2 protein chains.
Amino acid sequence: MAKVSMRDVASRAGVSVGTVSHVVNGSSKVSEATMLKVNDAIEELGFVRNAAARQLRSGRSSSLGLVVLDASNPFFASVAHGALEACDVAGLSLLLGDSGTDEARESKYLDLFAEQRVNGLLVTPSGADLSKLESIASKGTPVMLVDRAPGDFALSSVTVDNVAGGRMALDHLIAGGSSAPIFVGGPLSLPQVADRYAGARDRAREAGIELPLFESSEMTILAGRDVGERIVSLPEAQRPDAVFCANDLLAVGVMQAVIMFTELRIPDDLAIIGYDDIDYALSTIVPLTSVRQPAGLLGRTAVETLLAENESSATAHCDQMFTPELVIRESTRPV
Amino acid sequence: MAKVSMRDVASRAGVSVGTVSHVVNGSSKVSEATMLKVNDAIEELGFVRNAAARQLRSGRSSSLGLVVLDASNPFFASVAHGALEACDVAGLSLLLGDSGTDEARESKYLDLFAEQRVNGLLVTPSGADLSKLESIASKGTPVMLVDRAPGDFALSSVTVDNVAGGRMALDHLIAGGSSAPIFVGGPLSLPQVADRYAGARDRAREAGIELPLFESSEMTILAGRDVGERIVSLPEAQRPDAVFCANDLLAVGVMQAVIMFTELRIPDDLAIIGYDDIDYALSTIVPLTSVRQPAGLLGRTAVETLLAENESSATAHCDQMFTPELVIRESTRPV
DNA sequence: CGTCAATATTGAAACGTTTCAATCGGAATG
DNA sequence: CATTCCGATTGAAACGTTTCAATATTGACG
């Protein structure tokens with residue numbers, strides 16, 4: 001066990017502790033010669049700086065906290081991945097928390113991270129009440145909401161524009177000639193789903209068509225397959241010519257039902273468009289057109305914005321909204 | 001910004017700093033009355049203990065480091081999830097690192113975590129040379145390899161028995177009546193793939209049959225589809241009656257090729273079995289039989305073992321190997 | 001050779017805890 | 001009333017840095 005402190009390095013190199021600190025941090029001019037001596041001593045002794053001590057003395061911490069709803073969900077995994085990239089270039093460590101959409105656990109992580117005096121907090125909150133986060137932010141720890149709008153709370157956020165995404169999807173379907181599209185997604189209590197539907201319905205109305213809602217119980221492949229079975233069993237006159245699904249998993253489920261139970265051709269008889277553009281989207285039987293959400297970018301931007309806010313110690317809150325991007329593949333008709 | 005220290009709490013409560021510490025940590029008997037006073041003061045002032053200071057003084061850290069190959073990969077996301085659960089019960093924080101299978105980045109995280117004086121390190125190493133990890137471990141920081149055997153290096157590990165998993169898969173195929181199975185997977189330089197193949201081939205030989213290898217370039221759906229196309233274009237006499245894929249993504253790809261290009265029925269004409277049992281496995285068109293790897297358990301066990309080793313400060317290294325589990329669905333013939 | 005400025009180096013005081021020997025105040029005992 | 005003992009409390013010394021005013025060293029210049 002190496003318990004080597006700057007004191008040891010200093011005495012080995014024949015200089016003072018202050019000088020060692022300067023060498024290690026480049027905080028002040030040090031002559032070529034002493035620098036060499038000190039670096040040699042560090043090498044020989046295997047000195048490793050003590051983050052706790054430096055943080056205590058300097059007051060600056062070198063870590064960020066990230067609390068997600070479910071670390072094993074690919075979307076959040078990508079968010080974490082992106083956040084990590086940004087931390088990397090800033091030389092920061094990332095503390096990970098997983099609330100499992102449980103407010104108590106979320107709160108526990110918040111407390112834990114407060115003790116660590118993290119430089120900032122990235123949180124996808126579980127509940128509707130963000131007052132604890134607000135109070136943390138007002139005490140000086142920058143807080144950034146991820147994939148969640150702040151509503152009335154005074155917090156910064158990084159989100160993706162779900163209304164625009166919904167509109168985008170319908171735009172594409174209509175341009176491809178669809179005159180009887182439907183929307184699949186749910187529950188509508190999820191703000192993300194509600195917004196996507198709202199955007200899509202608006203665009204449909206502009207074209208003078210309705211956008212019937214086929215609500216799903218959750219956002220999984222199986223739920224999508226259930227809805228798909230409902231769709232294919234409709235009388236032919238009521239059958240849609242296009243389906244917009246609130247995420248890719250639903251779209252995959254719908255596609256499976258269509259292929260298993262009908263002879264309908266995709267996209268000729270029925271176009272399908274998903275949302276998220278997960279990795280599996282381009283690997284479905286008929287490659288899936290999808291509205292891409294930049295999960296990694298979300299994480300990276302959250303970190304960068306937080307750091308920038310920290311820098312400028314601006315008190316103003318900043319809401320950053322990304323515009324999703326349409327990725328056209330073979331499950332929809334070309335325009 | 002609340003900068004409240006124990007000193008502030010102490011003076012507010014009219015006691016000494018030491019007493020506050022005892023109240024906060026329950027480290028020594030404190031009378032009911034003072035305890036109340038102190039807790040009141042803490043509440044009023046909004047005191048939060050400073051992890052850096054306590055770590056510096058006590059020498060004990062309260063965090064673990066986890067370095068994975070790719071944080072956005074669902075397998076590692078689950079590992080992280082499991083590790084987090086175990087940290088949770090132990091009251092530890094988890095620092096996350098993502099090497100992207102780059103040894104330099106891995107090394108950078110190792111250094112970063114060394115500065116943080118983490119209580120232990122969980123690592124899925126990128127390269128073959130584990131001497132840096134070995135040296136870290138010998139300096140006193142417990143290191144646990146995750147999903148990777150230590151080979152000749154003196155390190156503890158938590159893995160899943162890939163040989164047994166491969167054997168298990170073939171066992172099931174043969175029991176279902178297969179007489180001409182093949183193996184799909186690659187590159188064989190991945191120890192995981194090589195072991196699965198070895199186990200499967202052994203079992204096949206015991207039954208007096210060969211297990212031809214269809215090597216894939218990587219372990220993705222697309223690579224699987226490529227191999228699938230090769231398989232379906234074989235002359236009928238050479239066509240296998242069962243396919244064992246080194247992971248589920250490959251299996252999905254093979255399945256897609258079979259459904260797209262042939263009239264073969266799964267499992268009657270061709271059985272397919274995958275590996276990992278990812279969430280999507282039960283959502284494929286024909287639900288996929290798979291050899292389940294307990295990713296979450298892997299992470300959780302890694303943390304628990306590491307903590308236990310830490311406790312006992314045992315110098316002996318411990319290799320823990322899980323046995324995978326066969327999950328039978330409709331893509332294989334029942335026995 | 002003396003002086004001055006510039007540049008390198010030093011020393012010591014924090015930072016907020018934990019920890020432990022020392023002290024205090026009572027209650028119980030003789 | 002003096003003593004002993006015991007639990008509750010205190011005070012101060014670390015822990016390993018950073019930081020900054022103060023000092024030492026150097027080189028250039030007159």
Side-chain angles (χ1 to χ4, degrees), chain A residues 1-39 41-42 45-63 91 112 114-119 140, chain B residues 1-39 41-42 45-63 91 111-112 114-119 139-140:
Chain A
M1 179 63 165
K3 268 179 71 84
V4 183
S5 75
M6 279 193 176
R7 171 136 65 250
D8 303 319
V9 174
S11 77
R12 169 77 163 226
V15 299
S16 76
V17 190
T19 303
V20 176
S21 175
H22 288 137
V23 171
V24 168
N25 302 307
S27 48
S28 158
K29 276 251 109 4
V30 180
S31 78
E32 198 76 14
T34 47
M35 196 147 144
L36 211 69
K37 278 190 301 184
V38 171
N39 279 327
I42 288 177
L45 267 40
F47 166 74
V48 176
R49 3 174 235 202
N50 185 319
R54 70 194 329 233
Q55 168 174 343
L56 172 57
R57 168 59 228 210
S58 69
R60 286 184 296 273
S61 117
S62 61
S63 55
L112 197 55
E115 289 190 4
Q116 310 273 2
R117 299 288 192 274
V118 291
N119 260 343
Chain B
M1 180 63 168
K3 269 178 72 84
V4 183
S5 75
M6 279 194 176
R7 171 135 67 249
D8 303 319
V9 174
S11 77
R12 169 79 164 226
V15 299
S16 76
V17 191
T19 303
V20 176
S21 175
H22 288 138
V23 171
V24 168
N25 302 308
S27 48
S28 157
K29 277 246 100 32
V30 179
S31 77
E32 198 76 14
T34 46
M35 195 145 142
L36 211 70
K37 279 191 299 183
V38 171
N39 279 328
I42 288 178
L45 267 41
F47 166 75
V48 176
R49 357 175 241 203
N50 185 319
R54 70 195 329 233
Q55 168 174 344
L56 172 58
R57 169 58 228 212
S58 69
R60 286 185 296 274
S61 118
S62 61
S63 55
D111 292 341
L112 198 57
E115 290 189 2
Q116 310 272 2
R117 299 288 191 275
V118 291
N119 259 343
K139 287 207 190 79

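Since the structure is predicted, the reported quantities are computational estimates derived from the model, not experimental observations. Throughout, protein chains are lettered first and strands after them, A, B, ... in sequence-line order, and every chain is numbered starting at 1.
- In this structure the side chain of B:V9 never reaches within 4.5 angstrom of the side chain of B:R12, judged on heavy atoms.
- Using a 4.0 Å heavy-atom criterion, one finds that A:V15 contacts the sugar-phosphate atoms exclusively.
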Run the side chain to side chain contact (heavy atoms under 4.5 Å, CB included) check on B:S61 and B:Q116 step by step: do they pass?
-> CA-CA 8 Å; B:S61 118; B:Q116 310 272 2; over 6 Å; no
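- At D:dA14, none of the side-chain N or O atoms of B:R57 fall inside 4.0 Å of OP1 or OP2 (strictly under the cut-off).
- In this structure, B:M6 places its CE atom 19 Å from P of D:dA13, rounding to the nearest Å.
- Of the listed nucleotides (C:dC20, D:dT19, C:dG16), C:dC20 has the atom at the smallest distance from the side chain of B:H22.
- Using a 4.0 Å cut-off, no side-chain N or O of A:S16 falls inside it from OP1 or OP2 of C:dG11.
- Note on A:S28: every side-chain N or O is 4.0 Å or more away from OP1 and OP2 of D:dT19.
- Between the CD atom of A:E115 and the P atom of C:dT17 there is a distance of 10 Å, given to the nearest Å.
- The side chain of B:R60 contributes an N or O atom lying less than 4.0 Å from OP1 or OP2 of C:dT19.
- No side-chain donor-acceptor contact under 3.5 Å links A:N39 to the backbone of A:L36.
- Positionally, the nearest nucleotide of DNA chain C for A:K29 lies more toward the 5' end than for the other of A:K29 and A:V17.
- The side chain of A:S58 places no N or O atom within less than 4.0 Å of a non-bridging phosphate oxygen (OP1 or OP2) of D:dT17.
- Heavy atoms of A:S27 sit nowhere under 4.0 angstrom from any nucleic acid atom.
- Between A:T19 and C:dT9 there is no side-chain polar atom (N or O) within less than 4.0 angstrom of OP1 or OP2.
- In this structure, B:S5 reaches the sugar-phosphate backbone alone: every heavy-atom distance under 4.0 Å involves primed, P, OP1 or OP2 atoms, never a base.
- In this model, the phosphate group of D:dT18 is approached by a side-chain N or O of A:N25 to a distance below 4.0 Å at OP1 or OP2.
- Between the side chain of B:R57 and the backbone N or O of B:A52 there is no donor-acceptor pair closer than 3.5 Å.
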